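The residues of the chain are indexed from 1 along the displayed sequence. Because the structure is a prediction, the values reported are computed rather than measured.
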Amino acid sequence: MFNHDGLPATSLLAAWLDRPVPASARDGDGAPDTGRAEAGHPGTQPESARREQQSCELPPPGVEAVIDALCAAEPDPEDVAQGLTVFAWERAATTGDLTCLLDELDELWDVLEASATAPLPRIAARHRVVDAWVDAVAAERGSPGLDPLSGLHTAGYLYGRVNELDRLSGIEPSALVLIVIRWESADGPWLRIARILQAASALRTRVRPQATLSQVGTTMALALVPDDAQARVERISLTKAVENGELSTANVRVDVFAVPDSRARLPELVTRLYGGANVDHAVRPPRYRHSGSGSLD
């Protein structure tokens with residue numbers, strides 16, 4: 001059994017050790033019996049009773065998919081990868097702890113690698129579980145306005161929020177700025193995920209709660225806030241946070257850009273920033289009304 005958020009669940013390793021082992025595998029070559037699921041010996045109970053007992057001991061669907069793929073006469077790496085996908089989706093429905101899933105996987109792969117029977121490299125198996133778990137969490141959230149990985153709003157939601165603030169102001173476009181965090185793209189999926197989550201955490205802790213936080217692609221996140229002195233303080237705080245944290249090796253830049261008075265130009269500005277376009281860094285006082293083409297550092 002494995003503990004997920006206080007809830008016991010059959011682990012991958014336990015299901016592998018408890019798998020039924022065919023008689024030919026036990027008797028044909030004298031291999032040791034590693035299965036513990038079949039109680040008793042042939043002839044001690046009717047075949048129907050043994051099948052009923054076995055059906056009651058089947059592991060949960062996600063675990064069963066992995067074990068079935070591994071128990072094939074010649075395990076297919078693609079089938080094993082698909083089984084891990086099912087496993088991640090099933091576990092994501094009951095736990096929000098990705099580390100717990102990876103611990104289970106490592107336990108089983110320790111055994112498989114020790115016996116040279118791992119049909120899929122450990123790193124490939126871990127990547128498949130992570131990718132499937134992220135997809136499952138995204139589907140569970142089911143909100144078109146949220147980025148499934150970071151939990152921040154999408155760029156589309158941000159554009160709508162700007163229009164809503166303008167409507168509430170009632171007179172003229174609100175004086176708004178974007179506090180933008182941009183970082184260097186990582187080579188592997190693990191580091192890309194880590195940087196996205198670190199940037200999202202920095203925005204949540206260093207920017208006012210009323211801000212609209214948004215994720216753009218895999219190398220930029222931003223906060224929509226009023227054009228005031230506090231925005232500059234938040235920019236400085238964010239800069240210190242990312243320079244001293246895990247993002248310090250990602251060549252992070254934190255800037256403040258004015259939202260264009262012509263709101264139709266906002267998507268263009270965000271696209272240019274995400275593409276790494278060079279924008280001037282002229283220093284201007286808070287609430288300086290301009291077209292939004294430059295940084296307000």
Ignoring hydrogens, what is the shortest heavy-atom contact between [X] and [Y]? Give both atom names and the distance.
X	Y	answer
P226	A231	O-CB, 3.9 Å
S11	V63	O-CG1, 4.0 Å
V177	A258	CG1-CA, 4.0 Å
D76	E78	OD1-N, 2.9 Å
A202	L238	O-CD2, 3.4 Å
W16	C71	CZ3-SG, 3.9 Å

Any side-chain heavy-atom pair of [X] and [Y] under 4.5 Å:
X	Y	value
M220	V180	yes
V259	R263	yes
L152	S214	no
I181	Q198	no
V86	R91	no
V130	L102	yes
L273	L222	no
R195	E184	yes

Just verifying a value: how many Å separate [X] [atom1] and [Y] [atom2], rounded to the nearest 0.5 Å?
X	Y	atom1	atom2	answer
D79	L84	CG	CG	11.0 Å
L17	I67	CG	CD1	9.0 Å
T117	L70	OG1	CG	8.0 Å
L120	R126	CG	CZ	13.0 Å
R128	I123	CZ	CD1	13.5 Å

Please determine whether residues L112 and L101 belong to a single hydrophobic cluster, defined as Ile, Leu, Val, Met, Phe, Trp and Tyr linked transitively by side-chain heavy-atom distances below 4.5 Å.
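Yes, same cluster.
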Would you say L191 ends up clustered with L149 if hydrophobic residues are merged whenever their side chains have heavy atoms under 4.5 Å apart, either directly or through other cluster members?
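No; tracing contacts between hydrophobic side chains, which count when under 4.5 Å, never links both residues.
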Verify side-chain contact (heavy atoms from CB on, under 4.5 Å) between V207 and E234, making sure each step is shown before the conclusion.
CA-CA 6 Å; V207 179; E234 291 165 338; 4.0 Å; yes
Checking side chain to side chain contact (heavy atoms under 4.5 Å, CB included) between W183 and each of T249, I196, N251, which is the one that passes?
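Exactly one pass, corresponding to I196.
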With sequence neighbours excluded, tell me which residues meet side-chain hydrogen bond (donor to acceptor under 3.5 Å, both in side chains) with E164.
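For E164 the side-chain hydrogen bond (donor to acceptor under 3.5 Å, both in side chains) partners, ignoring immediate neighbours, are R161.
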Taking only residues two or more places apart in sequence, or in another chain, which ones meet A132 in a side-chain contact (heavy atoms from CB on, under 4.5 Å)?
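For A132, the residues satisfying side-chain contact (heavy atoms from CB on, under 4.5 Å) (neighbours in sequence not counted) are T85, A88, W89.
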Just by modelled atom types, is the D106 backbone N or O under 3.5 Å from a matching donor or acceptor in the E104 side chain?
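Checking the backbone N and O of D106 against the side chain of E104, no donor-acceptor pair under 3.5 Å is found.
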